[in-house]
Amino acid sequence: MRVRATILLALVFLFSGCEAGQMTAREVHYFTAVQPRPSRESALVQGPSAKIYFSSSGATGYADVFLRTFVREGPDLHQLYVAFRDQNWVFFNQAYDKNGNELEFTEIDRKEVTAGITEHFAAKLTDEYLESASNTGLQVKFLGKQGERTVRLRSRYVRGYLQKYKELTTSQ
């Protein structure tokens with residue numbers, strides 16, 4: 001009886017959306033980590049990955065997204081990182097915030113894989129943008145030659161990430 005109850009609870013937890021987009025701010029805070037860089041002059045703070053399915057918006061594909069910050073000399077570099085997967089290329093090359101302001105776009109990698117394609121890219125975010133998104137949520141539209149996708153992260157994800165980022169960087 002206990003085994004069945006344990007399995008049932010595990011299945012409920014699994015299928016109830018235990019991805020980062022569904023996490024509480026406390027959980028995002030807990031799973032955000034710092035990785036020292038080989039140069040020892042910088043570090044990478046990275047939040048947990050959130051899976052986003054685009055089928056609800058009439059598009060195809062899905063993406064693993066997370067916030068990351070390169071902690072370095074001078075101002076830190078905040079990015080929304082996207083690992084997009086689909087059957088067809090989109091050739092992403094632009095990013096815009098929810099107000100239509102263009103964000104700095106960085107192409108990281110494009111390749112064919114067994115089940116289709118992957119496109120890895122990021123949008124640069126300012127301190128002010130992240131602070132605002134901790135209250136309103138984050139919404140970035142990525143455009144490419146073959147379409148567009150909008151990435152949303154809930155305010156609680158951004159809030160948990162920022163809290164951990166600040167804790168990790170104030171001690172340096």
Side-chain angles (χ1 to χ4, degrees), residues 7-25 27-35 37 44-70 77-126 129-130 132-134 136-162 164-165:
I7 292 172
L8 180 61
L9 282 174
L11 289 173
V12 167
F13 181 70
L14 252 170
F15 293 115
S16 66
C18 59
E19 60 193 52
Q22 304 296 324
M23 290 180 151
T24 65
E27 290 168 324
V28 172
H29 176 269
Y30 179 80
F31 288 110
T32 296
V34 65
Q35 302 167 4
R37 306 300 287 173
L44 175 66
V45 176
Q46 183 171 313
S49 181
K51 191 168 293 298
I52 298 176
Y53 295 94
F54 297 107
S55 58
S56 63
S57 63
T60 60
Y62 69 95
D64 292 308
V65 302
F66 54 85
L67 292 175
R68 70 180 188 176
T69 302
F70 291 97
L77 172 64
H78 304 290
Q79 291 182 322
L80 171 62
Y81 186 99
V82 180
F84 175 76
R85 292 166 180 83
D86 199 1
Q87 296 300 311
N88 302 303
W89 296 105
V90 179
F91 299 106
F92 292 102
N93 57 13
Q94 294 177 312
Y96 294 89
D97 70 12
K98 64 184 174 187
N99 298 318
N101 299 312
E102 188 167 10
L103 302 172
E104 185 179 316
F105 178 89
T106 303
E107 180 184 320
I108 297 167
D109 191 23
R110 286 190 180 123
K111 60 185 169 188
E112 290 187 46
V113 293
T114 305
I117 58 93
T118 64
E119 295 186 58
H120 294 249
F121 50 91
K124 181 179 176 183
L125 306 172
T126 63
Y129 185 84
L130 280 177
S132 175
S134 71
T136 62
L138 184 143
Q139 180 176 316
V140 177
K141 181 185 285 187
F142 291 96
L143 302 174
K145 296 175 187 174
Q146 307 284 342
E148 64 184 52
R149 303 293 188 281
T150 300
V151 171
R152 293 177 182 86
L153 284 178
R154 294 181 178 177
S155 59
R156 61 188 180 208
Y157 180 101
V158 180
R159 199 168 34 255
Y161 177 82
L162 276 178
K164 184 67 167 249
Y165 161 73

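All values reported here derive from a predicted model rather than from experimental measurement.
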To the nearest 0.5 Å, atom NZ of Lys124 lies from atom CZ of Phe105 at 15.0 Å

Sort and list the pairs that fulfil salt bridge (Lys or Arg N to Asp or Glu O under 4.0 Å) and have at least one residue in residues 93-103, not counting sequence neighbours. none

Output for pair (Phe142 CZ, Leu103 CG), nearest 0.5 Å, gives 7.5 Å

Please list, chain by chain and in numerical order, all residues satisfying side-chain hydrogen bond (donor to acceptor under 3.5 Å, both in side chains) with Gln79, sequence neighbours excluded. Arg68

Note, Leu130 side chain near Tyr165 side chain (heavy atom, < 4.5 Å): no

Heavy-atom distance under 4.5 Å between the side chains of Leu125 and Leu67, does that happen here? yes

Derivation and outcome, ring pair (Phe, Tyr, Trp, His ring centres under 6.0 Å), residues His78 and Tyr129: CA-CA 10 Å; His78 304 290; Tyr129 185 84; over 10 Å; no

Indicate, with yes or no, if the rings of Phe84 and Phe121 have centres closer together than 6.0 Å. no

Do Phe54 and Val151 make a side-chain contact, defined as non-hydrogen atoms from C-beta onward lying under 4.5 Å apart? yes

Go through the steps for Met23 and Tyr157 under the test side-chain contact (heavy atoms from CB on, under 4.5 Å), then give the verdict. CA-CA 7 Å; Met23 290 180 151; Tyr157 180 101; 5.8 Å; no

CA sep, side-chain torsions, deciding dist, call: Glu107, Asn93, side-chain contact (heavy atoms from CB on, under 4.5 Å): CA-CA 7 Å; Glu107 180 184 320; Asn93 57 13; over 6 Å; no

Which word best sums up how the rings of Tyr62 and Tyr53 line up, parallel for under 30°, tilted for 30 to 60°, or perpendicular for over 60°? tilted

Flag if over 12 foreign heavy atoms under 6.0 Å of CZ, Phe91: yes

From Leu162 CG over to Thr32 OG1, what is the distance, rounded to the nearest 0.5 angstrom? 9.5 Å

Could you state the interatomic distance from OG1 (Thr150) to CG (Leu143), rounded to the nearest 0.5 Å? 8.0 Å

Could you check if a side-chain atom of Arg152 sits within less than 4.5 angstrom of a side-chain atom of Ile52, using non-hydrogen atoms only? no

Nearest 0.5 Å please: distance from the OH atom of Tyr161 over to the CZ atom of Phe66. 9.5 Å

For the pair Gln87 (side chain) and Ala115 (backbone), establish whether a donor and an acceptor sit closer than 3.5 Å, ignoring hydrogens and angles. yes

Here the gap from Asn99 atom CG to Gln139 atom CD, rounded to the nearest 0.5 Å, amounts to 9.0 Å

Residue pairs fulfilling salt bridge (Lys or Arg N to Asp or Glu O under 4.0 Å) with at least one residue in residues 83-92, sequence neighbours excluded: Asp64-Arg85, Asp86-Arg149

Main-chain N/O of Val90 paired with Glu119 side-chain donor or acceptor, under 3.5 Å: yes

Would you indicate whether the side-chain heavy atoms of Ser155 and Thr136 approach each other to under 4.5 Å? no

